[in-house]
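Please read the structure below before turning to the comments.
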Amino acid sequence: MRVKLVVGSPATVSESPLDSWGTWESEYAGHWADVLKTAGINLVGVASDEEPDAARVAIVAGDRLTAEEVHAVIERYPTLIVARPGAHNERLYRELGLGTLVKVPGAPREDQPHLRQNSISATLENAVANQDPLTIHVSQPMAFDGAEDAWQPLSRHGGRMLVGYLDDAGRRVVVVSSEQVFAAPFIAAHDNAQALGQLVALLDGVRLDGVQRKEVADAPVHIRSTARSAAPVGDITAVPGEHLVEPSMEALSAVLDRHLGADLDPWRDTEAFLDAARLAYFSMPTELQAAISTFKSRSNDYGALLIRNLPVGNVPRTPSDPIGRPEKTHESEFWLAMTACALGEPFAYAQEKRGNLYQNVVPTRENADKLSSESSVILLDYHTEAAFHPFKPDYVLLLCLRQDHEARARTSNAGIRMALPLLSLQDRWELQQRQFRTGVDFSFGSPNMEQGNGPLLSVLGGNPYDPELTYDLDLMVAETDAGNRALWSLRRAVAEVGSYVALTEGDLLVVDNRRAVHARSEFTPRYDGWDRWLQRMCVTRDLGLSGAWRGCGSRVIDVQFNL
Ligand SMILES: O=C(O)CCC(=O)C(=O)O
Ligand SMILES: [Fe+2]
């Protein structure tokens, strides 16, 4: 099947709606090319190409085409119109006798019957016998209300037409009322990809039973609409970008002098110290304020922000015991508190470092080879911080006070916005399903390396176009083979897009724990008082959510795990 594509502007395929789209049409065409390839359809041209003979079917998608433009396509090719509501299309539908597009309500949700699901499953009837009907998953479903008899409904819901077919006076047209049926996050759902193949075949006059049901192609699909500015760079300090901010140390010292009172103690006067730091943010160099607030509002493709040059004062010997408060001045705690309060609220876990808000990450002999932040001789592979926890941090702050002796330790991060285009649409769909069991961390009392003793999760969640990621390479297992294959693909993708930084004194790495996973390489500790030393802080955008699991006025979350 050879197809020509005529696209307007994308409605919903943007992978990251917060970014600007310089060349919508071409990126949208790229998206369709990938989707068609996945469905086994050969794209031979896009709107501007003059290849009338090569193409046998046209696909019209997007919503900026005028009714005249669409009619011109219909006159020339059998046409699949992937419609969506919008001023441009309304006239077209009227002229085609399709009435209006209306929202189709989903069924009540089982868990919350007062809400409806915003997706439905519907049957796509085949025009040919001897083949089972296909089930299509429709996200945000719309249907044509008032379609006239000329249209043969191929799929209906609640008496309304979701997919319609017109074969009239030499014109053959299929309309699909919801563009999301074929959008990247949903094309691999149920039989959506097969449905696309069937509909194009129908228009091409191919016998429908000639199109086999088949698995959605498992080849990695590069959804071109996501491939934007960022590319993996190796060392993230080597290239400028919105992931990196290096304010002048003098300017930062001046803010410290003004705002960090000598009598202010982060351990004794926890809230007063946080208040001072919260206000100090507004005196910070503008570039730093801008970097933090931009990161908070729209994250970035790396899912990480590196702030450099933070003056941390005279750093005493590295503590051998991570628990407890080191004897030191409080510059580092101030930077952590300032950044945390600008992004949300700092908090801690009762089970970790005894609930300390300012956590020392130092190598210990005892846990050198255990999967925890105290490890050193093993790789701490890519993970979402506290992936298993109902209140996982939104951000993890890692502030370096001292690098390891041999400068070997590298902290890596990999953002899901960069990893997503490397995953097949099938894998992406699998990762959206709640079929993955992660393990509870060693530091929370779980046996070391115990997999799958935590909750059942989806790896990709939230907005399917700009998803959040929950992943722990060492502790997560899938409950299905397809899920495990998708986990392997994700492992490869994350490795490919990962960047790293060898943190040195005064570097603060802010990890967006919802959109990036992080890792740390092996290094060799000496336990001589001069080992690598980070301070870590967990941040949530809404501390109120965990109120029932905290003591009054406390920032320490105490959820008990049944291990
Ligand atoms: O040591 C590092 O660079 C990061 C370790 C880590 O994953 C953590 O402390 O959460
Ligand atoms: Fe971590």
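Because the structure is a prediction, the values reported are computed rather than measured. As a basis for the values below, the full set of heavy atoms in this structure was taken, side chains included, without hydrogen atoms, waters or symmetry mates. Just follow the structure's listing: the first ligand is 1, and inside any ligand the first atom is 1.
The closest donor-acceptor contact from the side chain of Gln451 to the backbone of Asp474 lies under 3.5 Å. Remark: the backbone N or O of Val501 is not paired with any side-chain donor or acceptor of Asp235 at under 3.5 angstrom. Looking only at distances, no side-chain donor or acceptor of Ser375 sits under 3.5 Å from a matching main-chain atom of Leu371.
Listed by first then second residue, pairs satisfying salt bridge (Lys or Arg N to Asp or Glu O under 4.0 Å) with a partner in residues 270-290 read Glu271-Arg555, Asp275-Arg278, Arg278-Glu345, not counting sequence neighbours. Sequence neighbours left out, the pairs with a member in residues 523-538 that pass salt bridge (Lys or Arg N to Asp or Glu O under 4.0 Å) are Glu352-Arg536, Glu385-Arg536, Glu406-Arg526.
Salt-bridge annotation for Arg325 and Asp265: present, with a side-chain N of the basic residue lying under 4.0 Å from a carboxylate O of the acidic one.
Expressed to the nearest 0.5 Å, how far CZ of Phe523 lies from CD1 of Ile378 amounts to 10.5 Å.
In this structure, a donor-acceptor pair under 3.5 Å is present between the side chains of Ser373 and Lys353.
No cation-pi contact links Arg485 to Trp488, judged by a cut-off of 6.0 Å to the six-membered ring centre and 45° from its axis.
Protein atoms that are N, O or S and lie under 2.8 Å from the Fe ion (ligand 2) are these: His383 NE2, Glu385 OE1, His518 NE2.
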Show the distances, to 0.1 Å, for all pairs joining an N/O atom of ligand 1 and a protein N/O atom that are shorter than 3.5 Å, listing one pair per line.
unit_1, atom_1, unit_2, atom_2, d
ligand 1, 1 (O), Arg532, NH1, 2.8
ligand 1, 3 (O), Thr411, OG1, 2.7
ligand 1, 3 (O), Arg532, NH2, 2.8
ligand 1, 7 (O), His383, NE2, 3.1
ligand 1, 7 (O), His518, NE2, 3.1
ligand 1, 9 (O), Arg536, NH1, 2.9
ligand 1, 10 (O), Glu385, OE1, 2.8
ligand 1, 10 (O), Glu385, OE2, 3.4
ligand 1, 10 (O), His518, NE2, 3.3
ligand 1, 10 (O), Arg536, NH1, 2.9

